Amino acid sequence: MNLQLTGRDHGRNSGLDTLRALAIVLVFMNHYMIFVSFRPTFGWMSEVGWTGVDLFFALSGYLIGNQILSGIRRQQTGPERFSLARFYARRFLRTLPNFYFVLALYALWPYWRGDAVLPPLWKFITFTQNIHLTPGTAFSHAWSLCVEEQFYVLLPAVALLIAACRKSLLWAWVAVVGALLAGMAVRGYLWNEQAGAGGLYYYTNIYYASWCRFDELVFGVALALVKNYHANAWKVVTSRGNWALAAGAGMLALTWSMFLKDHYGYMMTVFGYPMLGVSFTLLLIAALSSGSVLQRWRVPGAASIALWSYAIYLTHKQLCVLLRVPLRGYGWGPDSWQAIAVMGLASILVGWLLFLLVETPFMKLRDRFVPGNFARPKVAPEAVAA
């Protein structure tokens, strides 16, 4: 793969773009295996591709956590106030238009959803569809968006509450560690409820459940906490970006290999998700470290894929399912390079159109009518999971 030296382009961070692009590619490969080819078309990458969602979680945890914590820090040191209403308005204008547009396709266009059963609409509208979700239902991959939206609603309120306490920084770290330990404890308890949990029970009660999947989001918030309240520590960790990259890649490879061997076992159910959280946090540090390989080198096309990744995530799965039959009619089975190329390019094209026609107009409205807290300078668009 050819790489180009660019560093930062037009205010974007090339390292974060690379991670976003990697996340959506991983998800695409996993969904292709589960819903299109029914076999690991991309080898072991298909089988670990579900962790692309966890990478999105880590990115969102850091980026949203950094917005909130930097705002609270400025509020603590000056006369300005952090506006929850403004934060929520900007968040919802970023995430809801695309989501509700695609939901309308599932609800109003029977061809789009095919034979899959669509859960009650109120579960999608309230972002509670992931709770007791039945795998294989229409728009099932929206579960990760539900987890993120719930997180977006809770985090700023919790952060402001902690900030109002004495020794707020101590309590912030207590909350971070407590959340991570609680996630492991809950997964362990639920796994023991069904000895050797697997199959439908595992996905409905553990994999899709918000209380079992906050790990990576919390790791991202912890990184934002270091950046905003531990300047010396932040300087140290970001001065060793290439070491962080090597450590993150090595730990991710180890974690992937362990999940491949025992995805549904007790140890990986309890400890595997925090291992992913640590791995992706190290990669985030590398992306945020000036001079690191991950920040300085750009994969051609990664910036565009990263920008459209949310729209691609929402549409790619069902689009590929619908394309499978007509492509087979041309003699292109799902494992053929022709089918893979057509479905991949179609996913990018439709994602770009959704970004252009729905997401972009609402982002312009947001920037015009809902200014950011403290009029912060514009930053690269946040990663949103799917």
Side-chain angles (χ1 to χ4, degrees), residues 20 23-24 27-28 30-32 34-36 52-53 56 60 88-153 208 210 305-326 342-370 381-386:
R20 289 189 190 92
I24 192 61
V27 170
F28 176 87
N30 182 250
H31 283 168
Y32 199 93
I34 296 173
F35 300 101
V36 180
V53 169
F56 274 128
S60 288
Y88 287 136
R90 288 179 65 83
R91 276 290 83 213
F92 293 149
L93 284 170
R94 168 71 173 88
T95 58
L96 297 190
N98 274 3
F99 176 75
Y100 285 142
F101 181 87
V102 175
L103 177 61
L105 290 180
Y106 279 97
L108 303 177
W109 190 18
Y111 174 77
W112 179 258
R113 66 175 180 268
D115 297 329
V117 176
L118 186 69
L121 288 178
W122 66 265
K123 290 190 174 184
F124 292 98
I125 294 171
T126 59
F127 287 96
T128 56
Q129 169 251 8
N130 68 308
I131 300 174
H132 303 305
L133 171 64
T134 300
T137 50
F139 208 9
S140 60
H141 57 294
W143 72 269
S144 63
L145 305 177
C146 295
V147 173
E148 290 210 5
E149 290 299 318
Q150 293 161 21
F151 182 76
Y152 294 156
V153 169
Y208 297 134
S210 306
I305 298 299
L307 191 61
W308 310 330
S309 60
Y310 178 41
I312 294 172
Y313 182 85
L314 289 170
T315 55
H316 77 280
K317 187 181 83 173
Q318 195 61 21
L319 179 65
C320 291
V321 170
L322 294 176
L323 286 173
R324 181 181 57 198
V325 173
V342 168
M343 293 189 195
L345 292 173
S347 296
I348 294 172
L349 175 61
V350 171
W352 171 72
L353 287 172
L354 181 61
F355 169 82
L356 180 68
L357 300 177
V358 179
E359 184 173 336
T360 299
F362 278 94
M363 292 291 283
K364 290 180 178 178
L365 287 174
R366 184 188 77 164
D367 292 340
R368 181 177 180 182
F369 295 108
V370 190
E382 300 89 54
V384 180

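Just so it is clear, the model here is predicted, and its values are computed rather than measured.
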Heavy-atom distance under 4.5 Å between the side chains of [X] and [Y], does that happen here?
X	Y	answer
Phe28	Ser347	yes
Asn130	Ser210	yes
Tyr208	Cys146	no
Arg20	Ile24	no
Arg94	Glu359	yes

Quick one: list whatever passes side chain to side chain contact (heavy atoms under 4.5 Å, CB included) with Val36, sequence neighbours left out.
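In terms of side chain to side chain contact (heavy atoms under 4.5 Å, CB included), with neighbours along the sequence ignored, Val36 is linked to Tyr32, Cys320, Arg324, Pro334, Met343.
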Counterpart residues, side chain to side chain contact (heavy atoms under 4.5 Å, CB included), relative to Leu356 (two or more places apart):
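Checked Leu356 against side chain to side chain contact (heavy atoms under 4.5 Å, CB included); matches are Trp352.
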Out of Ile312, Leu319, Leu314, which residue meets the side chain to side chain contact (heavy atoms under 4.5 Å, CB included) rule with His316?
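Exactly one option meets the side chain to side chain contact (heavy atoms under 4.5 Å, CB included) with His316, and it is Ile312.
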For the student: nearest non-hydrogen atoms of Val370 and Ala89, plus distance:
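What the structure gives for the nearest pair is CG1-CB, 3.9 Å.
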Minimal non-hydrogen separation, Ala311 against Asn98, with atom names:
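Scanning both residues completely, I find the closest heavy atoms to be CB-ND2, 3.9 Å.
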Tell me whether Phe35 at atom CZ has more than 12 heavy atoms from other residues, nucleotides or ligands lying less than 6.0 Å away.
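Yes - once you tally the heavy atoms of other residues, nucleotides and ligands closer than 6.0 Å, there are more than 12.
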Is a side-chain N or O of Tyr310 found less than 3.5 angstrom from the main chain of Thr95, in a donor-acceptor match?
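Yes, the answer is positive, given that a donor and an acceptor are paired below the 3.5 Å cut-off.
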Determine yes or no for a side-chain-to-main-chain donor-acceptor pair under 3.5 angstrom, with Thr137 supplying the side chain and Leu133 the backbone.
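Looks like no, no N/O pair under 3.5 Å.
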Would you tabulate the side-chain donor-acceptor contacts of residues 100-123 under 3.5 Å, counting partners in other chains and residues two or more places apart, or write 'none'?
unit_1	atom_1	unit_2	atom_2	d
Tyr100	OH	Ile125	O	3.0
Arg113	NH1	Tyr106	O	2.6
Arg113	NH1	Ala107	O	3.4

How about Phe127 and Phe99: are their ring centres within less than 6.0 Å of each other?
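Yes.
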Rounded distance (nearest 0.5 Å) linking atom [atom1] of [X] with atom [atom2] of [Y]:
X	Y	atom1	atom2	answer
Thr126	Gln150	OG1	CD	8.5 Å
Arg368	Leu365	CZ	CG	8.0 Å
Leu145	Ser60	CG	OG	9.5 Å

Establish, from distance only, whether the side-chain atoms of Lys317 and Ser140 form a donor-acceptor pair under 3.5 Å.
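Ser140 and Lys317 do have a side-chain donor-acceptor pair below 3.5 Å.
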Measure the acute angle between the ring planes of Phe124 and Phe139, then classify it against the limits of 30° and 60° as parallel, tilted or perpendicular.
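Judged by the thresholds at 30° and 60°, the geometry between Phe124 and Phe139 is parallel.
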